[in-house]
Structure formats: C-alpha cells, structure tokens
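The next block holds one structure in the form of structure tokens; read it before the comments.
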Number of protein chains: 2
Amino acid sequence: MIKRALKNINLLHSFECAARHQSYSKAAAELCISQAAVSQQMRQLEENLTIQLFLRKGKSMLLTQQGKTLLSGTQQAFKVLEESINKITVEEIAGSLTISSTQAFTTLWLMPKLSKFSALYPDINIRVMSSPQFEDLKEQHIDLAIRFGPRVKENTDTSLNCEYFGEDPVYPVCSAALAKSINFKAPKDLLKTWLVSLDNPGCYDWPSWFEYTNTQGYQNHQQWTEVHSTDMALNAVLNGHGFTLAARYLIIEQLKSGQLVMPVNIPHPNVVKRYFVYDENSAKIARLNIFIQWLTQEMNSTN
Amino acid sequence: MIKRALKNINLLHSFECAARHQSYSKAAAELCISQAAVSQQMRQLEENLTIQLFLRKGKSMLLTQQGKTLLSGTQQAFKVLEESINKITVEEIAGSLTISSTQAFTTLWLMPKLSKFSALYPDINIRVMSSPQFEDLKEQHIDLAIRFGPRVKENTDTSLNCEYFGEDPVYPVCSAALAKSINFKAPKDLLKTWLVSLDNPGCYDWPSWFEYTNTQGYQNHQQWTEVHSTDMALNAVLNGHGFTLAARYLIIEQLKSGQLVMPVNIPHPNVVKRYFVYDENSAKIARLNIFIQWLTQEMNSTN
DNA sequence: TACCACTATAAGCTGTGCTTATAATATGAG
DNA sequence: CTCATATTATAAGCACAGCTTATAGTGGTA
C-alpha cells in the first residue's frame, strides 16, 4: 500500500493541486497538463491506495474525509520539500547580478542611476553588459536582460520569464541651440539639417516617422549620419548635429535641463515596450526580485 | 528551480535512498531497479537543481553539504507522507479478518482454538472460509490464506507475501480400538483393513507411502474409502474405520488422549509445509500481523 | 426538456524511465 | 609501479507510463 503509493509520488503532487482546487480542470491548468491526464492520475492514485479521495458534486470534486487527510499531509510534506530545496538552491540576497541591456539604456539610464541602487543595497554587486542583440542568457551567464521592442515576447525562449514593465514614445529631438538657429515647425522642416539614424533601428526608423507624418521628399534627403547606438546619436545631437529619434525615458533629464528639445512634438508611430527577461527558477531569484523592483520604481518615478 | 524539482518528485525518492546508503548500487537494490537507473536519476536531479549533491569517494558517494540538507528535508517530507498515507489506508487493529484454509485445518485446528484468539483480541472478528483450492485472494476478499503443500510458493502470485511457517510429517493413523483388534506391526499389515484416502491427496497419497515403505501388493488392495477432506477421513477413522494419512499437527490432541494411534510409525516421504499467503500492502496489515503472530505461536506451542 | 460546464473514458503516440553492455574511476594489494 | 576489484558513469535501445485528443457521461440549472 504505502510502498505502492510512494512508488509514484508525482501522483501525490497532482493530487494536492486537484484537492486544493476541488477541480480537475483547474488543477490541469495549474499543472499545464490536460484535464484528462489529471482525471486518469487521480483514478490511478485511488486505485493504488484502494480508497476514494474525491466525491463528484456537479462541477466540482469534493474531498472525502480521507482525501482531506491526505491533502493536509501532502501540503505539509511538499512545504518541507520546497523549503529544503530552497535552502540548497536559492542564494542569499547578498551577491552579484549580471545585467544585460542595450548600450543606450546602460549608458544613459542605468549607469547614471546605479549609485542610487548601490546605496540602498550595498551587498549586491551589479555587473553590466551591453549588447544590441538577444543573447542566450544561460550561455552568457546573464541573470537579467532588459530588452526593448515590439517582438521581445515572441523572441524570448518559453523557459524564461518575459515581464513587460512599461512603454515610451519615441520623438525626434535636437539641441536647443540648433532649434534656435533653424525654425523647426513641421516634420518637413527636419529635412533642413542632419538626421542621425541607427544602423539597426528596427521599427524605430526615420522613414516610418516621415510616412506617419505624411512628409514628402525624405527619400531624397542627403544629410544622414549613421551610428551604432542611441547614446552615440544623442551625443552627436547634444553637440548640435541635427536630429535623432529617441525614446523619451532616455532623454528625460536632458529635456528637463533644456539641453534637448522636441520642436516637432509628434511621436513615432511605434512605441518602445520594455521587458525584463530572466529565469524565474534562477538561484539568484531573491536578488533579482530586489533589483527588478527597484528598477521598476525608479523608472516610474522618473517618468 | 523549485518548480522543476517538484515536477518529478520521484527523483527525490530515489535520492533519499541513495543518500541514506551513500551508494548507488545499494539504493538500486532497495528500489529494485538497476544501478544505472539510479546513476542517471541522480545526474538528472543534479541537473534540475543545478547543484552537486554527491562526491564520489572510491566505492561510495559522499554527500555534499547541500546533499545533506536535502537528505534531511526529504526524510522529513517522506515521513509526513508515509504517516499521512498510513492514516487513510491502514485500518485499526479492531475490525474483521477473513481467513481461508483447507477444511481440515479450519475444522480440526482453527475452529477449536479460535476462542483462545478471541479471548485475547475481542475486537478482531474472524470470518473463516474453507476451500480445497487456491482461490484468488482479492476476488474472494480473503485477507489471509493458510495453505499447505510442496508447491505453494510457486503457485502464489508474486504480488503476495508467501511466508513459510513450519512443516509437519504425515503418518498413517487409526483408532486405538482398531489397533487392539488387529496386530499392526509392519506397513503391509495395513492392508488388512480399510484405507481412507482423499479424492485429491496431491503428493500425500497412500501409493507414495507404500512405495516408500517397500510394501508389495497394495495395488490389489480392495478396501478403499474415498472422502473429500482430512477431517472427514479422521472422523471415519476415529470411529474405527481403518487408517488414514494425516499431518501430525492436525491430530496432536487425539494422539495425546489416546483416541488415535500410529502403530506403524513411519512417516510419509512428503512433509506438509505450511504457508501464510497475504498482501503485505493490505489496509488490514496491522490486524493481520496480530493474527499471524498468534497463530504462529499457537502452532509452535502445541507442536 | 435543453444547455452548459465540468469529469470520465478510450484509443493512440512519444518520450521518460528503465534496461543491458561497457567504459571509467578510485582504491588497495603485491 | 601494475593489476584486480568493486563500484559509478555513460551510451544505446526498448517498452510502457504519461500524456494527448476526441468523445461519452454526469450533475445542475433555467
């Protein structure tokens, strides 16, 4: 009896779920298997134990007294197991985290604010990697990737968490000095100066903005400057070199100080969505959650 | 991490065993699987948890600190599970038991002694069934079968326990009165009277005894009486009707009281081996163990 | 009665969990 | 040092456990 039941403890795991929900289909959803599988597992378990655990009442499966006893026991046992596994696999809060994101984000947002995080959590060391691509988290030993774009979710491996944490519009921006020397009132006025674009802009490209604003003749524009990342583009623009397209969160401070302006205040048709990508089963999950929480709050308070 | 580990708790069961033994091959023996399976399971578990649980030291697998922590946790959790399952599946000592055995045993041994058992354990009800065959325990709702013969083990389903509990010689016996009226000194003298045989004697038949004793002419013997069970045979014999072959444990009391005698004290070549047949996973195991223990002691004390 | 939201069951498929065979490893003895 | 031994590790193969889909069955409600 006991030997038979302990031969397949996984049935007990499914049992705990079905018993808690008093519903096979809810258990199925939680366990990510089909209702039929749950039903068959429960039948198997009842056969193994030669007792009845559930009583069907309409749409739900009420527990027999024996079922209730077993629920209590399984919950206690799995709690012990969970805590035990936690203890050996989950690292303490103190330790290191490796963060990967775009060069623009790391340079313009993260590095300037990192001292705030470190002041709050001096026991957490942050290592920052910038990359324009979606690298493999496991291969590169990355704990958290902060990614931007419209297809992050689709391009993220299903074994990883992909958490949306906000979005920003993209605007054409130039230096205040340039805006004083040239009268920029309409989208077509931008064609009077240099336009700084990224070599890989994705969907946040100038042609899309010009199309969206119904601007003619941009195809004949000659003054293009191509750079590798938004921080480089902004560096050029801050020094009076035309316009670039930038997500608002990246330039909040420069807009406030008046270094950068948006004379043509029409956003790009594509917004920049932001995502955290990490493994929820990471041993560093406790540390990760702290960083993610901090970053989310920081982003919200500066937006 | 945790989710991954809890997806296959059976690995943790094997772990507890391997960790306790600090040996994969010992764990394999206990779990009745191959050493290679254990090795692969432990590798899988270490991968799932992304930690090292064992350190190989020659012929044994020492535990890492993490392995020790997990051993402690798994032992605790499985203890809780075991107790929980026990509580819902194992019946109390009080209750009923259904015992099946031959008619001879039930009539001649068990029924006369049952009051002794009931005096000791008034909360246990015994239901007795007699049958000459090996019935299916589960089908007939038999909790314990007491069986005799040379091939009980081979004829018992492997899912059941088959416990040998002793053996007895078989002798030709007759009434004291008959022994006084006819001089029985040698095996051939038995041919002067009726011989009571069973319709299904198995290997405990008269021809085997006569061959064993080198007795000539038994094939021409005309005074045969055929009955269905040993208790019927003994009933006839007690009333002066010739000889029958009987296992000693069945006639102990009648030998002591002088009702039956063994004038030719040569045992049958085949002894009667006794077995308990039951399901060790039975919910009534607690009760069964009590009965089995009592019967074993009772049999030993009267033999 | 019909409808609905669930559970139960049957049949089929595939990948998990074993097996066997053999390689690799650690240890001790000579 | 070599060799033997008793273990664990690994690879390849197989079959059946554990799922799936499809559909039947059930209980409750209007």
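Note on naming: letters A, B, ... go to the chains in the order of the sequence lines (proteins, then strands), and numbering restarts at 1 for each one.
For the pair A/Asn10 and A/Lys57, both in contact range of DNA chain D, the more 5′-proximal nearest nucleotide belongs to A/Asn10. When each of B/Ala37 and A/Ala37 is assigned the nucleotide of DNA chain C bearing its nearest heavy atom, the one mapping closer to the 5' terminus is A/Ala37. Where B/Gly58 and B/Ala36 meet DNA chain C, the nucleotide closest to each residue was compared, and B/Ala36 sits on the side nearer the 5' end.
Here the C1' atom of nucleotide D/dT8 and the NZ atom of B/Lys26 are 14 Å apart, to the nearest Å. One atom, CD of A/Glu46, and another, C1' of C/dT7, lie 12 Å apart when rounded to the nearest Å. Across the protein-nucleic acid pair, A/Leu55 atom CG and D/dG28 atom P stand 12 Å apart, rounded to whole Å. Straight-line distance from the CG atom of A/Leu45 to the P atom of D/dG18: 12 Å, rounded to whole Å. The separation between B/Phe54 atom CZ and C/dA26 atom P is 17 Å, rounded to whole Å. Regarding B/Ile9, its CD1 atom lies at a distance of 13 Å from the P atom of D/dG18, rounded to whole Å. Rounding to whole angstrom units, CE of residue A/Met61 and C1' of C/dA5 are separated by 14 Å. Atom NZ of A/Lys59 and atom P of C/dA5 are 6 Å apart (whole Å).
Taking the six-membered ring where tryptophan is involved, the planes of A/Phe148 and A/Phe105 are tilted, since the angle between them lies from 30° to 60°.
Side-chain atoms of B/Gln40 come within donor-acceptor range of the base of C/dC18, with a qualifying N/O pair under 3.5 Å. Judged by distance alone, with hydrogens and angles left aside, B/Arg43 brings no side-chain donor or acceptor close enough to the base of D/dT10 to form a pair under 3.5 Å. For B/Gln35 and D/dA9, a side-chain-to-base donor-acceptor distance below 3.5 Å is present, hydrogens and geometry of angles not being considered.
Using a 4.0 Å heavy-atom cutoff across all strands shown, A/Ser23 reaches sugar-phosphate atoms only and no base atom. In this structure, A/Ser25 reaches the sugar-phosphate backbone alone: every heavy-atom distance under 4.0 Å involves primed, P, OP1 or OP2 atoms, never a base.
Distances from the side chain of B/Tyr24 to the nucleotides D/dT26, D/dT8, D/dA22 place D/dT8 closest. The side chain of A/Arg56 has C/dT7 as its nearest neighbour among D/dT7, D/dT20, C/dT7. Side chain of B/Gln41, nearest nucleotide from C/dC18, C/dG17, C/dT20: C/dC18. Residue A/Ile33 has its side chain nearest to D/dT20 when only D/dT20, D/dT8, C/dT7 are considered.
A cation-pi arrangement, defined by a distance under 6.0 Å to the six-membered ring centre and an angle within 45 degrees of its axis, is present between A/Arg274 and A/Phe165.
OP1 or OP2 of C/dT19 lies within a sub-4.0 Å distance of a side-chain N or O belonging to B/Ser34.
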Review point. For A/His268 and A/Ser208, what are the C-alpha separation, side-chain angles and deciding distance, and is it a side chain to side chain contact (heavy atoms under 4.5 Å, CB included)?
Key: CA-CA 7 Å; A/His268 195 278; A/Ser208 297; 3.6 Å; yes
Practice item. Test side chain to side chain contact (heavy atoms under 4.5 Å, CB included) on B/Asp123 and B/Glu92 and set out the steps. Key: CA-CA 10 Å; B/Asp123 291 335; B/Glu92 303 181 341; over 6 Å; no
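Counted by atom type alone, A/Gln293 and A/Asn289 present zero donor-acceptor pairs between their side chains at under 3.5 Å.
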